[in-house]
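To keep things clear, I will list the structure first and then write my remarks on it.
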Amino acid sequence: MKLKVLFTTLLAFMAVGHLHAQYNPLWIPDTMVGTTFNLTMRDTFRQILTGNQTITGGINGNFWGPTMIWNKGDVITVNVNNQITDTTTIHWHGMHLPAIMDGGPHQPIPPFTTWSPYWKVDNNAALYWYHPHLHMMAEEQLSMGLGGMIIVRDPIESALALPRTYGVDDIPLALTDRKFDALNQFITSHYGDSMMTNGVVRAEHTIPAQVVRLRLLDAAMERSYNIGFSDGRTFYVITTDGGLVNAPVPVTRFLLSAGERVEILVNCTGQSGTTVDLRAYNSELTPQVPGGESFPGGPFANALGHANFNILHLNIGAATASPITTIPATLTTNTFYPESSAVVTRTVTISDSTVGPGGPTFLINHKLFEMDHIDYHVPLDNTEIWEIKSTSGFGHPFHIHDVEFHILTINGAAPPAHQDGWKDVVFIPANQTVRFIAKFNDYSDSLKPYMFHCHIALHEDLGMMGQFVVGNSPTGIMNRVLNNKMKLYPNPTKGLLYFEMQDNITITHATVINVHGQVVKEFELNNQKSELDVSMLNKGLYFLRLTDAVSGSYIKSYLME
Ligand code: C2O
Ligand code: CU
Ligand code: CU
C-alpha cells in the first residue's frame, strides 16, 4: 500500500516535472549598424529541443537573422545573398521605399545570387522586420526561420528618456510557434504546438529592476498573441507599428496579430529578486480571432489554441547604473491626415469563399491574387481612405506595403488609444469594417506594384492579396514575365529539367538563356508539362523561358551542377 502511494506520487511528480521542464535562456539576435548590411541566407541548425538539433533557415549563421539598426535619413544598402537553393525574396516590412526595393513577390532572388536594394530610410523610430515574400512560398520559407528585426532610430525618439540598451533594458522579442516531428525537425504548419520566443522554447531572461522596454513582433504564421503579465500588472504601449504614440497608453492586455509590432514599457523598479511571466492569454479570445480557436483535429489542431501560455519567464535582477525608473508622460506629437484631405475612398472587401486552390479560402475584392493584375492605380501624392469591409466569418490582419496609415474607425468607432498611431497592419475582426487614411507620396513607378494582403501566411499564399502601383503615367501591360504559374524542378539539376504549368497553359517554345542574356538552347514543344534535356550545357546559372501560344512568357532561373 505504502509502496503504491509512493509510486503514484513519484509518477505524478515526474509528470509535473515534465510539464514544467527547465527554462532555456532567451537568445538575443546580434545587431548590425552602419549603412551597408550583408545578409547571407543559408541553412543552419540549432539545439531547440533536447536530442537532435533542428535544421532551420538561417541568416548570417543563425536561425532568425541579426537585428539591423537603421537611422532615419541614412541611405542604406542591404546585400542579400541567397544560398538556400531555392528562389526567395526579402521584404522590408513597414518601410516607405521604392517599389523595386520592396522585396515583394516581384523581386525574386534566384539561388546563389545577391540582390542589393538601397534607399533612404524615411520611417519613424520603431520596430520593423524583414521576411521572405515569394508568392505561394511565404509560409514554407517563414517556417524555415528566415527573417529578422529592424530597429529604426530617429532624433525625436532618441531625445526621450526611454530604455535603449539592447538586450539589457530594451529587449527585442520575435514571437512565433512551431510544430516538430519525432526527429525534432520543423513541420510547416499554420499553428505550432510550441511557443518560440526569439527561436527559443520555454525562454527565460533576466531584466533589471527598472523600467524595461519590450519590443514585440508577431512573426507567427497565423497566431495572434493576447499579451499580458502573470501578475495582471499594467504595462504601457509606447509605439504602434510605425512610430511612437503621443503618450504611453496603460493597458493590461494587448492583442498582437501576425505581422504587427508593439513596444511596451514595464515598470520593475524595486522588484529585484522577484519573477513575472509575459504570457499570451489566448483563452480570452473568441474563435474568430486567430489563436482563439481550438480545433480538436485536422490541419489546424495545435496545443496552444484557445489556451494561455508563457511567452517569456522574467527574472528581475539588480538595477543597472543610471536606470530609467519612470514612465514618461508624453512621447511625441503625431500629425495625422485629416479625413477631409482624402480625395478618394477605396472599398476593399474581404470575404469567405467555398472554393480556392485546395479548398475554402478567403478573397480580397472577390478574387484571388494574380501576379499580373493591378488592383489599384494610385496617383502620386494622393491621400486616400481605404475602407476594409469584411463579410468573412474569421478575423484577418490586413497589411499594406509602402505607407504607414492612421486608423479612422473600427466598426464605426474611433480606434482605442493603443492603436491611435502609425500602423501598417490592422486586425479586421470578423464581419467588421475598418477605415484608415494614408498618403501615397514619393516613388512614382507605374510598373512595379506594392502589395496589400492578409498577413496570415496561409491566406496570403492561397491568394488573399492584391497590388497597387503609385504613379501618374499610364500603366501598360505590367509584366508578362510571370513565374507563379510555372513549376521547375529539380533545381539545381544535373541535366534533366521538368516543367509543369498551371491552368492548362500549353507551352510551345522553351528557351535557355545564360547569365549574359544569350540564347544557348531552344526546344519546340506542345505540352503543359515536359522533360527537357539540358545536360549538354556547362555548370552555372541559367534562365528557362517558356512561351505559350498567346505569347505569354514565364521565366525561372535554375542552376546546373
Ligand atoms: Cu510582412 Cu507583405 O508583408
Ligand atoms: Cu510588408
Ligand atoms: Cu486572412
Side-chain angles (χ1 to χ4, degrees), residues 88-99 101-107 117 119 123 126-139 141-142 146-150 174-176 190-191 217-224 241-242 256-261 288-293 300 348-353 356 359-365 368-369 371 375 388 390-405 422-432 434 438 448-468:
T88 187
T89 80
I90 287 290
H91 165 59
W92 319 106
H93 181 126
M95 289 296 125
H96 179 47
L97 78 188
M101 308 297 179
D102 186 49
H106 294 277
Q107 285 87 48
W119 71 96
N123 285 68
L127 179 68
Y128 302 86
W129 66 304
Y130 56 100
H131 63 77
H133 211 309
L134 193 65
H135 184 44
M136 307 210 270
M137 292 294 286
E139 185 168 71
Q141 295 188 342
L142 267 171
L146 292 170
M149 289 176 277
I150 298 163
L175 314 184
T176 184
H190 323 312
Y191 286 119
L217 156 69
D218 185 338
M221 305 307 122
E222 173 146 6
R223 195 182 308 279
S224 303
D241 299 316
L256 189 68
S257 298
E260 213 177 9
R261 291 88 62 211
Q288 289 76 35
V289 178
E293 331 88 314
F300 292 90
V348 181
T349 65
I350 291 180
S351 55
D352 298 340
S353 162
T361 185
F362 304 101
L363 303 174
I364 290 182
N365 292 342
L368 292 172
F369 177 69
M371 281 290 266
D375 298 84
I388 320 299
S390 175
T391 55
S392 173
F394 194 60
H396 302 271
F398 184 90
H399 170 53
I400 183 169
H401 290 207
D402 179 35
V403 291
E404 293 290 335
F405 55 78
W422 295 109
K423 298 278 299 158
D424 56 60
V425 178
V426 58
F427 182 64
I428 317 288
N431 292 303
Q432 293 195 16
V434 172
K448 297 283 179 296
Y450 296 101
M451 308 290 121
F452 54 92
H453 57 96
C454 174
H455 218 288
I456 292 176
L458 171 70
H459 299 181
E460 168 190 340
D461 280 346
L462 290 180
M464 197 180 174
M465 180 153 70
Q467 48 193 356
F468 64 97

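Whatever order the structure lists ligands and atoms in, that order sets their numbers, starting from 1.
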Practice prompt. Just give me the atom name: the N, O or S atom of His455 closest to atom 1 (Cu) of ligand 1.
Written response: NE2
Worksheet item: Which N, O or S atom name in His131 marks its closest approach to atom 1 (Cu) of ligand 1?
Response: NE2
Worksheet item: Below 2.8 Å, any N, O or S contact between His401 and atom 2 (Cu) of ligand 1?
Response: yes
Worksheet item: Taking the inter-plane angle between the rings of His455 and His131 on a 0 to 90° scale, is it parallel (under 30°), tilted (30 to 60°) or perpendicular (over 60°)?
Response: perpendicular
Worksheet item: Looking only at heavy atoms, what is the nearest atom pair of Met149 and Leu127, with distance?
Response: CB-CD1, 4.0 Å
Fill in: Residue His91, metal the Cu ion (ligand 2), N/O/S under 2.8 Å
yes
Practice prompt. May I ask you to check whether Phe362 and His396 place their ring centres under 6.0 Å from each other?
Written response: yes
Practice prompt. Confirm or rule out an N/O/S atom of His93, from backbone or side chain, lying less than 2.8 Å from atom 1 (Cu) of ligand 1.
Written response: yes
Discussion item. Can you confirm whether or not the ring centre of Trp129 sits under 6.0 Å from the ring centre of Trp92?
Written reply: no
Worksheet item: Can you tell me if an N/O/S atom from His133 lies under 2.8 Å from atom 2 (Cu) of ligand 1?
Response: yes
Worksheet item: In terms of ring plane angle, is the pair His133 and His401 parallel, tilted or perpendicular, where the classes change at 30° and 60°?
Response: perpendicular
Discussion item. Any donor-acceptor pair under 3.5 Å linking the side-chain atoms of His135 with those of Asp461?
Written reply: no
Discussion item. Just checking: His133, one of its N/O/S atoms, less than 2.8 Å away from the Cu ion (ligand 2), yes or no?
Written reply: no
Worksheet item: Mind checking whether Asp402 and Phe468 have side chains closer than 4.5 Å, heavy atoms only?
Response: yes
Worksheet item: Counting backbone and side-chain atoms alike, does His453 have an N/O/S atom under 2.8 Å from atom 2 (Cu) of ligand 1?
Response: yes
Worksheet item: Below 2.8 Å, any N, O or S contact between His399 and atom 1 (Cu) of ligand 1?
Response: no
